[in-house]
Amino acid sequence: MKIITKTIWVLSMVSLFTDMASEMLYPIMPLFLKQIGYTAIFIGVLEGVAEAVAGLSKSYFGKRSDASGKRLPFVQLGYAFSALSKPMLAVFIYPWWIFLSRTVDRLGKGIRTGARDALLSDESTADNKARVFGFHRSMDTMGAVLGPAIALIYLYFYPGNYKTLFIIAFGPGVLAIICTLFIKEKPHDTIQKKNIKTNFFAFASYWKNSPVLYKKLSAGLLLFALVNSSDVFLLLKMKESGMNDTAIIGIYIFYNLVYAVLAYPLGILADKIGLKKIFISGLIIFSLVYTGFAFNNNTAGFIFLFALYGLYAAATEGISKAWISNLVPKSETASAIGTYSGFQSICALLASSTCGFLWYSFGSTTTFVFTAFITLLAAAYLFFAGLRSQ
């Protein structure tokens with residue numbers, strides 16, 4: 001049986017182009033915001049609110065997708081929103097406008113994610129799901145290698161000229177929209193309810209009736225999400241240590257390359273030995289990375305820590321969604337992933353805001369040590385919670 005189908009390939013290319021556009025800007029966002037005078041607290045709240053919008057809308061649109069039995073319209077609209085948000089950042093530097101542009105980008109992510117992941121799940125089986133999601137994450141993350149590489153080359157010739165990059169990033173976004181036109185969707189079972197009502201806080205209603213194992217898994221994932229703040233704080237730590245923009249972006253590219261190379265093989269390994277084992281191992285690596293960031297201030301150390309961080313990401317990002325989709329009925333996949341993302345978004349808001357506060361009040365060392373400790377607690381919970389991979 002062919003595991004990586006045409007639909008999986010096209011969806012992966014769409015994600016590659018979108019991530020190329022997003023990640024072209026992501027490593028420079030904290031540098032840009034610092035340049036125009038914003039503090040770590042503002043950056044933390046901005047990233048937290050943006051992720052909250054993404055997560056809450058994932059739940060709503062995921063349930064809408066399941067109810068309608070359609071995936072493709074949500075995928076196409078979501079990627080269009082994300083593409084249009086990129087040039088918005090080049091227009092104004094007012095705080096409300098920056099919030100608006102980030103919100104439009106994250107709303108696009110919220111619209112598409114549940115439907116896209118359901119399409120991936122529909123193209124796979126329980127025995128190869130981690131491999132499929134791992135392949136998608138690998139291709140997606142290659143965009144996170146190419147995007148920052150373009151930014152690095154541009155900033156080499158035009159240092160500090162961030163705004164033009166916001167215009168350049170619109171190009172890959174348009175390519176992603178074009179690719180969505182080639183996706184073919186399989187017929188999908190709808191939720192058999194007429195006049196189904198779905199509100200923006202749909203994640204709360206789905207949670208009440210969801211499977212017990214799904215709730216137990218989500219609880220552990222959400223405990224980790226409460227301290228898994230935006231990666232911009234890792235970039236700020238390197239900036240705080242005296243590294244220049246070129247070195248910071250270069251290391252960030254290296255991290256994404258490690259992530260892209262390892263995501264697919266770790267997905268294959270997870271299908272063989274169990275998603276639970278790989279995911280918990282990833283959390284332990286995350287804790288080690290944050291402990292390292294608490295005390296490291298030299299370039300070689302950051303390179304090593306970001307290599308481990310790429311290993312963590314490859315072991316958790318796609319595998320968590322594969323694990324969730326294995327524990328719920330196929331007709332509820334978008335709702336289940338969207339519901340988890342809804343709660344995760346609230347945790348992301350708290351995590352990034354708390355991280356910004358701790359950093360401002362006590363410094364980066366305290367922030368990273370606290371994150372590492374809570375992550376170990378989450379790993380211990382998942383280990384002893386009696387969960388299975390399928």
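- More than 12 non-hydrogen atoms from other residues, nucleotides or ligands lie less than 6.0 angstrom from OH of Tyr381.
- A heavy-atom distance below 4.5 Å is not found between the side chains of Phe306 and Val258.
- Residue Asn326 is tested with Thr333, Leu275, Thr125 for a side chain to side chain contact (heavy atoms under 4.5 Å, CB included); the sole match is Leu275.
- Side-chain contact between Lys216 and Val212 is present, with at least one heavy-atom pair separated by less than 4.5 Å.
- A side-chain donor-acceptor contact under 3.5 Å links Asn298 to the backbone of Gly301.
- Although no hydrogens or angles enter the test, the distance criterion places a donor-acceptor pair under 3.5 Å between the side chain of Ser287 and the main chain of Ala372.
- Grouping Ile, Leu, Val, Met, Phe, Trp and Tyr residues whose side-chain heavy atoms lie under 4.5 Å apart, directly or via other members, leaves Ile167 alone, with no other cluster members.
- Under the 4.5 Å side-chain heavy-atom criterion for ILVMFWY residues, a single connected hydrophobic cluster contains both Val261 and Phe133.
- Nearest heavy atoms, Ser22 versus Asp105: OG-OD1, 4.3 Å.
- Counting only distance, with no hydrogens or angles, the side chain of Thr113 and the backbone of Gly110 share no donor-acceptor pair below 3.5 Å.
- The minimum heavy-atom distance linking Asn297 with Ser241 is given by the pair OD1-OG, 3.0 Å.
- The two residues Ile319 and Ala314 have their closest heavy-atom pair at CD1-O, 4.2 Å.
- Using a 3.5 Å distance cut-off with no hydrogens or angles, the side chains of Ser65 and Lys70 do not pair a donor with an acceptor.
- Between the CG atom of Leu311 and the CD1 atom of Ile285 there is a distance of 3.5 Å, given to the nearest 0.5 Å.
- By the neighbour-count criterion of 12 heavy atoms within 6.0 Å, atom OH of Tyr214 is densely surrounded, having more than that number from other residues, nucleotides or ligands.
- Both Leu146 and Phe157 are part of a single hydrophobic cluster, where members link through side-chain heavy atoms under 4.5 Å apart.
- No donor-acceptor distance shorter than 3.5 angstrom exists from the side chain of Ser138 to the backbone of Gly134, with no hydrogens or angles considered.
- Salt-bridge formation is not detected for the pair Asp66/Lys63: no Lys NZ or Arg NE/NH1/NH2 atom is positioned less than 4.0 Å from an Asp or Glu carboxylate oxygen.
- Among Phe295, Tyr255, Tyr309, Phe293, the one residue that satisfies the ring pair (Phe, Tyr, Trp, His ring centres under 6.0 Å) test with Phe302 is Phe293.
- Here the straight-line distance linking atom CG of Leu120 with atom CZ of Arg137 works out to 10.5 Å at 0.5 Å rounding.
- Using a 4.5 Å heavy-atom threshold, the side chains of Thr367 and Tyr290 count as separate.
- A distance of 12.5 Å separates CZ of Phe17 from CD1 of Ile177, quoted to the nearest 0.5 Å.
- A 4.5 Å side-chain heavy-atom check between Ser15 and Met139 finds every atom pair outside the cut-off.
- Residue-environment remark: OH (Tyr154) exceeds the threshold of 12 foreign heavy atoms within 6.0 Å.
- Around NZ of Lys272, the count of heavy atoms belonging to other residues, nucleotides or ligands within 6.0 Å does not exceed 12.
- With contacts defined as side-chain heavy-atom distances shorter than 4.5 Å, the pair Leu382/Leu283 qualifies.
- Two residues are said to be in side-chain contact when any heavy atoms from C-beta on lie closer than 4.5 Å; Ile253 and Pro148 meet this criterion.
- Side-chain polar atoms of Thr164 and Tyr158 form no donor-acceptor pair below 3.5 angstrom.
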Item to check | Worked check of side-chain contact (heavy atoms from CB on, under 4.5 Å) between Ile273 and Leu269 | outcome: CA-CA 6 Å; Ile273 70 172; Leu269 182 62; 4.0 Å; yes
Checklist entry - Passes ring-ring contact (aromatic ring centres under 6.0 Å, His included), Trp207 versus Phe343? Steps please. => result CA-CA 10 Å; Trp207 177 269; Phe343 283 109; 5.2 Å; yes
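- Phe81 is listed as a side-chain neighbour of Leu77, based on a closest heavy-atom distance under 4.5 Å.
- Paired with Tyr312 under the rule ring pair (Phe, Tyr, Trp, His ring centres under 6.0 Å), one option of Tyr259, Phe279, Phe286 passes, and it is Phe286.
- In this structure, the side chain of Asn128 does not engage the main chain of Arg131 through any donor-acceptor pair within 3.5 Å.
- A distance of 12.0 Å separates CD1 of Ile8 from CD1 of Ile183, quoted to the nearest 0.5 Å.
- Across all their heavy atoms, Ile248 and Met238 have their closest contact at CG2-CE, 3.8 Å.
- Ser101 contributes no side-chain N or O that, together with a main-chain N or O of Ser85, makes up a donor-acceptor pair within less than 3.5 Å.
- Leu376 and Phe368 are members of different hydrophobic clusters when ILVMFWY side chains are connected at heavy-atom separations under 4.5 Å.
- Remark: side-chain polar atoms of Ser124 are paired, donor with acceptor, to backbone N or O of Ser121 under 3.5 angstrom.
- A distance of 10.0 Å separates NZ in Lys237 from CG in Leu305, rounded to the nearest 0.5 Å.
- With Tyr79 as the aromatic partner, Arg112 meets the cation-pi criteria of under 6.0 angstrom to the ring centre and within 45 degrees of the ring axis.
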Checklist entry - Does the side-chain contact (heavy atoms from CB on, under 4.5 Å) test come out yes or no for Asp231 and Leu234, once each step is laid out? => result CA-CA 5 Å; Asp231 289 347; Leu234 301 180; 4.1 Å; yes
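- Here the SG-CG distance, from Cys347 to Leu223, works out to 8.5 Å after rounding to the nearest 0.5 Å.
- Counting all heavy atoms, side chain and backbone alike, Ala115 lies closest to Phe74 at CB-CB, 3.8 Å.
- Under the 4.5 Å side-chain heavy-atom criterion for Ile, Leu, Val, Met, Phe, Trp and Tyr, Leu358 and Ile374 are members of the same hydrophobic cluster.
- For the pair Asn256 (side chain) and Ala144 (backbone), a donor-acceptor distance under 3.5 Å is present.
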Checklist entry - Is there a side-chain contact (heavy atoms from CB on, under 4.5 Å) between Gln344 and Asn228 once you walk through the steps? => result CA-CA 10 Å; Gln344 184 189 38; Asn228 187 14; 5.8 Å; no
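- Using a 30° and 60° split on the angle between ring planes, Trp359 and Phe233 fall in the tilted class, from 30° to 60°.
- Partner of Asp117 under the salt bridge (Lys or Arg N to Asp or Glu O under 4.0 Å) criterion, out of Lys109, Lys129, Arg71, Lys321: Lys321 alone.
- No side-chain donor-acceptor contact under 3.5 Å links Asp140 to the backbone of Leu16.
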Next on the checklist: Please evaluate residues Ile150 and Met20 with respect to the criterion side-chain contact (heavy atoms from CB on, under 4.5 Å), reporting the C-alpha separation (whole Å), side-chain torsions for both, the decisive distance (0.1 Å), and the verdict.
Outcome noted: CA-CA 9 Å; Ile150 294 171; Met20 186 188 302; 4.2 Å; yes
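- Following chains of ILVMFWY side-chain contacts shorter than 4.5 Å, one cannot reach Phe224 starting from Val369, and the two form parts of different hydrophobic clusters.
- The side-chain heavy atoms of Tyr156 and Ile249, taken from C-beta on, include no pair separated by under 4.5 Å.
- Scanning all heavy atoms of the two residues, the minimum distance from Ala334 to Gly62 falls at CB-O, 3.3 Å.
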